[in-house]
2 protein chains.
Amino acid sequence: MNVGSAKDNAVPTKLDEQTVSRAEDVLRNYLRERGLKLTSERQTLLRAILGSQEHFEPEDLLVSLRQQGIRVGKATIYRTLPLLVDCGILRRAFLGQNRAYYEHCFGSMPHDHMICTICSRVIEFDSSEIRQLRERVAEPAGFTVQSHRFQIAGLCRECKTGPQNPSPMA
Amino acid sequence: MNVGSAKDNAVPTKLDEQTVSRAEDVLRNYLRERGLKLTSERQTLLRAILGSQEHFEPEDLLVSLRQQGIRVGKATIYRTLPLLVDCGILRRAFLGQNRAYYEHCFGSMPHDHMICTICSRVIEFDSSEIRQLRERVAEPAGFTVQSHRFQIAGLCRECKTGPQNPSPMA
DNA sequence: GTTTATGCAAACGATTTGCAGTGGT
DNA sequence: ACCACTGCAAATCGTTTGCATAAAC
């Protein structure tokens with residue numbers, strides 16, 4: 001059930017070129033449909049995002065790219081991320097407190113997050129049960145589900161014995 | 001299963017004095033335990049919050065109080081809300097995009113929210129099933145649950161036939 | 001060629017913080 | 001009296017926007 005766990009942000013890793021080009025197709029179609037353009041910056045960002053295995057903030061992307069000697073304007077990043085969300089490549093994941101966290105969801109198993117209130121470690125878990133539950137809950141209200149966000153705050157195994165931290169869900 | 005629905009923010013309503021004084025006790029104890037003080041501003045805010053039946057933002061509180069001719073500094077509000085969250089009277093609820101939403105949870109049934117992506121209507125629903133589910137999911141990871149946040153985005157009954165809006169979960 | 005995108009820097013808006021004065025305890 | 005709290009205004013910080021230039025189509 002546990003899919004993985006994470007700590008660092010937006011660390012670029014080896015890319016599956018196959019996946020990249022499939023994602024690029026998705027993006028290309030999405031853009032064409034609305035008369036938008038597939039610029040080199042958008043391709044760069046798409047690559048960077050698919051390469052990141054973790055949750056990241058817009059700023060992380062900027063830094064990560066700079067370290068690779070690639071310069072992309074901050075505004076471009078902020079303007080591009082919503083596009084990628086909209087075409088289903090990216091999703092906004094859990095929120096720390098009042099800032100945007102993203103993770104790519106292209107080809108990855110749907111999941112949600114547990115976040116340790118002490119060490120901030122993030123543990124992912126399969127969300128299929130929640131997916132069923134959300135339908136069951138929405139139906140009697142005549143509500144049509146588009147998406148959900150589910151996050152659990154608490155103490156991870158390692159922090160359970162350490163000093164307590166009361167803050168429930170920042 | 002459906003507990004209610006909401007639209008406007010922080011509209012003061014008639015208060016159950018009994019509830020107010022119980023809540024005040026909770027707050028008083030919480031403060032005393034850490035050498036903090038029960039000021040008149042904190043009492044004012046507690047009252048205002050208990051009186052609000054809806055989800056609200058810090059700014060809503062400020063405005064609502066001003067309308068009643070009560071002046072409380074914005075900073076005081078921002079400094080007080082986390083205290084109330086910490087002592088369990090308040091909770092941070094769903095987040096629009098990157099701002100803080102609160103609702104009081106003193107004596108109210110635990111619930112989560114469905115939010116219509118078109119009209120922003122909020123529908124509350126009982127969260128007991130989610131509470132069981134979160135334990136089931138946390139246990140194998142050795143994770144101790146403190147709290148969760150669950151929100152469903154989609155189309156409410158009324159908007160289902162109106163113009164579509166793609167944005168999944170802002 | 002036309003139109004959308006980029007990069008920069010300025011603008012924004014929510015939240016936070018420093019500080020002098022006020023008020024619980 | 002002491003120390004925390006308030007209010008104000010200034011400071012932060014993530015995010016958005018305006019505009020001149022560059023790049024897709």
* To do: May I ask you to decide whether A:R28 forms a salt bridge with A:D25, counting only side-chain N to carboxylate O separations under 4.0 Å?
  =>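 Counted as a salt bridge, because a side-chain N and a carboxylate O are separated by less than 4.0 Å.
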* Asked: Does B:R99 come within less than 4.0 Å of B:E59, counting only side-chain N to carboxylate O?
  ->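 So B:R99 does not pair with B:E59 through a salt bridge.
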Provide, to the nearest angstrom, the distance between the [atom1] atom belonging to [X] and the [atom2] atom belonging to [N].
{"X": "A:Y78", "N": "D:dG18", "atom1": "OH", "atom2": "C1'", "value": "18 Å"}
{"X": "B:L81", "N": "D:dC5", "atom1": "CG", "atom2": "C1'", "value": "15 Å"}
{"X": "B:R71", "N": "D:dG7", "atom1": "CZ", "atom2": "P", "value": "10 Å"}
{"X": "B:Y30", "N": "D:dC5", "atom1": "OH", "atom2": "C1'", "value": "15 Å"}
{"X": "A:F56", "N": "D:dG14", "atom1": "CZ", "atom2": "P", "value": "16 Å"}
{"X": "A:L61", "N": "D:dG14", "atom1": "CG", "atom2": "P", "value": "14 Å"}
{"X": "A:R99", "N": "D:dC13", "atom1": "CZ", "atom2": "P", "value": "10 Å"}
{"X": "A:I77", "N": "D:dT15", "atom1": "CD1", "atom2": "C1'", "value": "12 Å"}

* Please identify each residue that fulfils side chain to side chain contact (heavy atoms under 4.5 Å, CB included) with A:E17, with sequence neighbours left out. =>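 Per chain and number, A:E17 pairs via side chain to side chain contact (heavy atoms under 4.5 Å, CB included) with A:L15, A:V20, A:R47.
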* **OP1 or OP2 of D:dT16 under 4.0 Å from side-chain N/O of A:R79** =>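 Answer no for this pair, as no side-chain N or O of A:R79 is under 4.0 Å from OP1 or OP2.
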* **B:Q146 side chain to A:T117 side chain, donor-acceptor N/O pair below 3.5 angstrom** =>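 Distance-only check passes for B:Q146 and A:T117.
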* **Donor + acceptor pair across side chains of B:H55, B:E103 (<3.5 Å)** =>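 Result is yes, a qualifying pair exists.
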* **Validation row: B:V72, B:L61 side chains within 4.5 angstrom (heavy atoms)** =>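 In short, these two side chains do not touch, never coming nearer than 4.5 Å.
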* Asked: Can you pull the contact range of chain A along DNA chain C, 5' to 3', using atoms under 4.0 angstrom from its heavy atoms?
  ->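 The footprint of chain A covers C:dT3 to C:dT15.
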* 5'-most by nearest nucleotide on DNA chain D - A:K74 or B:R42 ->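 Comparing both residues, the 5'-ward one is B:R42.
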* Could you run down nucleotides 20-25 of chain D 5' to 3' and tag each one B, S or - for protein heavy-atom contact under 4.0 Å? -> ---BBS
* To do: Examine distances only and state if a side-chain atom of A:K74 and a backbone atom of A:P58 form a donor-acceptor pair shorter than 3.5 Å.
  =>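 Not at all, since once roles are kept as given, no pair shorter than 3.5 Å links the two residues.
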* More than 12 non-hydrogen atoms from neighbouring residues, nucleotides or ligands closer than 6.0 Å to CZ on A:R71, yes or no? ->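 Check fails, neighbour count at 12 or below.
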* To do: Supply the atom-to-atom distance A:L133 CG to B:E129 CD, rounded to the nearest 0.5 angstrom.
  =>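 Reported value, rounded in 0.5 Å steps: 5.0 Å.
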